[in-house]
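Below is one structure, written out as structure tokens; comments come after it.
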Amino acid sequence: MARHLITSALPYINGVKHLGNLVGSILPADVYARFMRARGHDVLYICATDEHGTPAELAAAADNKDVDIYCREMHDVQENVYRGFDISFDWFGRSHSQQNHDLTQHLYKKLDENGLIEEVESLQVYSIDDGRFLPDRYVEGTCPHCGYERARGDQCESCTKVLDPTDLVNPRSALSGSTNIEIRPSKHLYLRQSKMVDELRKWIDTKTDWPHLVTSIARKWLDEGLKDRSITRDLKWGIPVAYKGVPRPGFEDKVFYVWFDAPIEYIGATAEWAEATGGDWESWWREDKGADTVRYTEFMGKDNIPFHTVGFPATLLGSKEPWKKADYIKGFNWLNYYGGKFSTSGKRGIFMDKAIALLPADYWRWYLMANAPESQDSSFSWEHFQSIVNKDLCDVLGNFANRILKFTAARFDGKIPAAGEYGPVETETLAAIEEKFRTYTDCMEQMEFRKAAAELRAIWMIGNEYLQRAEPWAIFKQDPEKAGASIRFSLELIRLFAALSAPLIPDAARRMAESVACTGIPAWPSNVKDNMSALETGAPLPAPEILFKKIEDEQITEWIDTFGGAES
RNA sequence: CGCGGGGUGGAGCAGUCUGGUAGCUCGUUAGGCUCAUAACCUAAAGGUCACAGGUUCAAAUCCUGUCCCCGCAACCA
């Protein structure tokens, strides 16, 4: 048994996330956490909402709410949606927690003591009518290069040139449209990442087993030379630039930038968990207090990789304290929607609350993991979704269980028949499953989820092949006892499949177990053949129920109409 | 010449690091079975591996160049 710390990238507080966000971090982390728990490891799966920053302030203002209350409400909304997807967080925290305040201010203090923080005065755009400083992309104006009138302060969408907000002609606030803006000097803290390039590269170079995607993005940043990074903002909502209640002089009205405090919340949320459960958070995060034996795995979409390979490690290394750093980073590409981006603002694609209202979590979990964007971007389409669900879940798995359970009900009075002698067919079947079981386990350990799903599906198919060879319906006419042994073997397979499928489709796994008179998800087997005599002979089975319902063409037509399809 | 990822039968993917009969799922076609959710099992057809050069006995795989798609470019998070 080993200790596994698992985190998934923190979802931003504004709004319910879409399926692309889900498959890129939280869902695979959950599948991995469930798998590792099933294998008997001590797992702590931590996530939280990322609550600070300008968008949260603006969304709260638009809702006419205090930003703290807004975040509290949205946190609960998000947590409920994740629970609806059977995400098995050990803790789902908030980056605004007191624990994160303390940790963020502590790390800031250490970095400062180690000479890695400096004050830099820079020119910022201030909107007098909005009463606030504007982040670059909240300033709009005419592009000095191409004349595009709606260029943003960070980049012109029309000519793709990178801009500084002060470059814009006729700049205005993107919030109010006001042109009543001015450039004001503002002092900010910068983390001197440029001094840490060698140390970071040394750390990255030890990670020879990381995915190509992750190390190539990390090296790209290091090769280009790290810039010192501003870690404070002119906002009210956030963690004050202070230590032990005393603000840093000149920074009374500033807070830490969300990207400084958000990853620290991985630790903060663990401290929240510890306070709520009596656990010991330091044994998971301090290498001098037991965390040296922890294996820490981070899950995230590729947009987050620079912050986890460079930004967050810079904070931890710079503190010169023995903080736990990632042992493995699993990065994902994008899930697209009909070849284009899922878009929160453009309302393109499927959001988690809408998805769960259409179909139970397992349908989505299976589709998303079996098609996870691991090596390249992948594309969601309703037609593809229907084909995968109907074929894999209904026809291969659901129908396998159904044909056995119906036969048991009709021919064996709905009671589990006695086991008989295994013949060559059973022996060969078990050998085939054993082989797939090993590759499946390997794939899950390596976090190769697409391949793992394919292997699991292949295991389900062996069940159908077995029935075809054993033909209990034909044997029954001459030798009911022999047919009963086949059915008993098949019922044991249902139980085995429930155990193996549980990380991916936990609710279906539980229902499969119940269908063969077991309570809860069966324990993970150490091997296949010793797990084929777990059922109680004569136990009555509940009336067979359909495990997965097929998605009809009419539903697909309707959903494309609602959510948009190829042409939208 | 900003950077990264990708281009493999009709669709979705594996294989590329460590050259050596191009593999899987869906779809299509044919056969089988009839316990089952018109499902299951077996078999077949279908690919000049984006393009052009090069290295090699041998290239999807290594090298050079070109084209196309997606993303990123540090104040969105």
Side-chain angles (χ1 to χ4, degrees), chain A residues 9-14 50-56 122 124-125 133-139 152-155 160 162 164-165 188 193 212-213 216-221 223-224 226-230 233-234 257-259 262 301-307 310-311 331 333-334 336 339-341 344-345 370-371 373-379 381 383-384 387-388 390-396 398-411 448 450-451 453-455 457-458 461 463-476 483 486-487 490 544 546-550:
Chain A
L10 307 189
Y12 195 66
I13 189 69
N14 283 13
D50 172 16
E51 306 194 343
H52 297 136
T54 308
S122 60
Q124 305 285 321
V125 177
F133 283 96
L134 296 174
D136 288 3
R137 72 161 42 193
Y138 287 98
V139 186
R152 287 193 320 219
D154 53 348
Q155 177 176 32
T160 76
V162 178
D164 192 273
H188 283 289
Q193 297 186 131
H212 183 55
L213 177 72
S216 62
I217 289 178
R219 290 227 165 71
K220 176 204 149 194
W221 279 55
D223 289 347
E224 287 175 358
L226 280 186
K227 289 179 196 167
D228 293 341
R229 184 180 179 80
S230 160
R233 289 290 182 275
D234 291 292
Y257 177 34
V258 284
W259 260 112
K302 61 184 171 186
D303 54 332
N304 269 315
I305 290 172
F307 300 103
V310 175
N333 289 282
W334 304 119
N336 291 320
K341 276 182 94 167
T344 308
S345 51
N371 297 283
E374 290 181 299
S375 60
Q376 58 193 300
D377 293 352
S378 67
S379 187
S381 75
E383 296 84 349
H384 190 220
S387 145
I388 295 291
N390 286 357
K391 206 64 208 175
D392 295 356
L393 295 181
C394 302
D395 295 351
V396 176
N399 186 51
F400 169 70
N402 192 238
R403 56 199 298 204
I404 300 157
L405 295 171
K406 283 265 178 74
F407 194 82
T408 309
R411 297 283 187 274
E448 297 207 46
R450 254 186 129 107
K451 285 183 189 167
E455 291 299 320
R457 185 187 192 279
M461 284 171 81
N464 281 313
E465 287 164 24
Y466 168 73
L467 282 180
Q468 201 64 34
R469 291 178 72 190
E471 296 188 298
W473 53 88
I475 302 293
F476 185 81
S486 272
I487 290 300
S490 304
I546 296 293
L547 202 53
F548 294 100
K549 273 194 206 149
K550 287 209 178 205

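In the text below, chain A, chain B and the rest are named by the order of the sequence lines, each starting its count at 1.
- Among the nucleotides B:C26, B:C76, B:U37, the one closest to any side-chain atom of A:S387 is B:C26.
- Using a 4.0 Å heavy-atom criterion, one finds that A:K406 contacts the sugar-phosphate atoms exclusively.
- Rounded to whole Å, the distance from CH2 on A:W473 to P on B:C35 is 8 Å.
- Side-chain contact between A:L547 and A:N402 is absent, with no heavy atoms from C-beta onward closer than 4.5 Å.
- Nearer to the 5' terminus of RNA chain B, by closest-nucleotide assignment, is the contact made by A:L547 (compared with the other of A:Q193 and A:L547).
- Of the inter-residue distances, the one linking A:R229 atom CZ with A:F307 atom CZ reads 4.5 Å to the nearest 0.5 angstrom.
- With contacts defined as side-chain heavy-atom distances shorter than 4.5 Å, the pair A:N464/A:R403 qualifies.
- Every residue two or more places apart in sequence or in another chain was checked for a side chain to side chain donor-acceptor pair (under 3.5 Å) with A:K549, and none qualifies.
- Mapping A:L393 and A:S378 onto RNA chain B via the closest heavy atom, the residue that lands nearer the 5' end is A:S378.
- Every residue meeting the side chain to side chain contact (heavy atoms under 4.5 Å, CB included) condition with A:D377, not counting sequence neighbours, appears here in chain and number order: A:K302, A:N333, A:W334, A:N336.
- Rounded to the nearest 0.5 angstrom, A:R450 CZ and A:S378 OG are separated by 6.0 Å.
- Side-chain N/O atoms of A:Q124 and base N/O atoms of B:C75 include a donor-acceptor pair closer than 3.5 Å.
- Taking atom CG of A:N464 as the reference point, atom P of B:C33 lies 17 Å away to the nearest angstrom.
- Each of B:C41, B:A77, B:C75 was ranked by its minimum atom distance to the side chain of A:Y12; first place goes to B:A77.
- Atom CG of A:L467 and atom P of B:C35 are 12 Å apart (whole Å).
- Across all non-hydrogen atoms, the minimal contact from A:H188 to A:Q124 is CD2-NE2, 4.3 Å.
- Looking at heavy-atom distances under 4.0 Å, A:F400 makes no contact with the nucleic acid at all.
- Nucleotides B:C40 and B:G23 are separated by 24 Å at their C1' atoms, to the nearest Å.
- A:Y466 has no side-chain polar atom (N or O) that falls below the 4.0 Å cut-off from OP1 or OP2 of B:C41.
- Contact annotation for A:P55: backbone-only contact, meaning every heavy-atom pair under 4.0 Å involves sugar-phosphate atoms and none involves a base.
- Inter-residue side-chain proximity for A:C394 and A:N390 is flagged as met; some heavy-atom pair is nearer than 4.5 Å.
- In this structure, of B:U37, B:C13, B:C26, it is B:U37 that holds the atom nearest to the side chain of A:I546.
- Not one side-chain nitrogen or oxygen of A:K451 sits closer than 4.0 Å to the OP1 or OP2 atom of B:C13.
- Residues forming a side chain to side chain donor-acceptor pair (under 3.5 Å) with A:Y257 (at least two apart in sequence, or on another chain): none.
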Contact pattern, 5' to 3', of nucleotides 4-9 of chain B - B, S or - by protein heavy atom under 4.0 Å: SSS---

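- Following rounding to the nearest Å, A:N402 (CG) and B:U37 (C1') show an atom-to-atom distance of 6 Å.
- Residue contacts shown for A:F307 include a base, since a base heavy atom lies under 4.0 Å away.
- Taking both residues in full, the closest heavy atoms of A:L405 and A:P544 are given as O-CG, 3.7 Å, listed atom of the first, atom of the second, then distance.
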Give the dot-bracket line for RNA chain B from 5' end to 3' end: parentheses for intra-strand Watson-Crick or G-U pairs under 3.5 Å, square brackets for crossings, | for inter-strand pairing, dots for unpaired. .(((((((.[[[[.)....(..]]]].(((((.......))))).....[[[[[..)....]]]]])))))).....

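- Between the NZ atom of A:K550 and the C1' atom of B:C40 there is a distance of 11 Å, given to the nearest Å.
- In the set B:U34, B:C41, B:G71, B:C41 carries the atom at the smallest distance from any side-chain atom of A:Q468.
- For A:E465, the side-chain atoms get nearest to B:C41 when compared with the rest of B:A74, B:C41, B:A77.
- When each of B:C75, B:C35, B:G27 is scored by its nearest atom to the side-chain atoms of A:F407, the top-ranked nucleotide is B:C35.
- Atom CG of A:L10 and atom P of B:C76 are 19 Å apart (whole Å).
- Across B:U37, B:C13, B:C75, the shortest atom-to-atom separation from the side chain of A:N399 is found for B:U37.
- For B:C35, the OP1/OP2 oxygens have no side-chain nitrogen or oxygen of A:R403 closer than 4.0 Å.
- Across all strands, A:T54 comes closer than 4.0 Å only to sugar-phosphate atoms, never to a base (heavy-atom distances).
- Between the CZ atom of A:R229 and the P atom of B:A74 there is a distance of 10 Å, rounded to whole Å.
- Here B:A77 presents its P atom at 19 Å from CD1 of A:I305, a figure rounded to the nearest Å.
- For A:R233, counting side-chain heavy atoms from C-beta on, the closest listed nucleotide (B:C41, B:C75, B:U37) is B:C75.
- Scanning for side chain to side chain contact (heavy atoms under 4.5 Å, CB included) contacts around A:K391 gives A:D395, A:R457, with sequence neighbours left out.
- When side chains are defined from C-beta on, A:Y466 does not count as touching A:Q468, because their heavy atoms never get closer than 4.5 Å.
- Checking the phosphate oxygens (OP1, OP2) of B:C26, a side-chain nitrogen or oxygen of A:R457 falls inside 4.0 Å.
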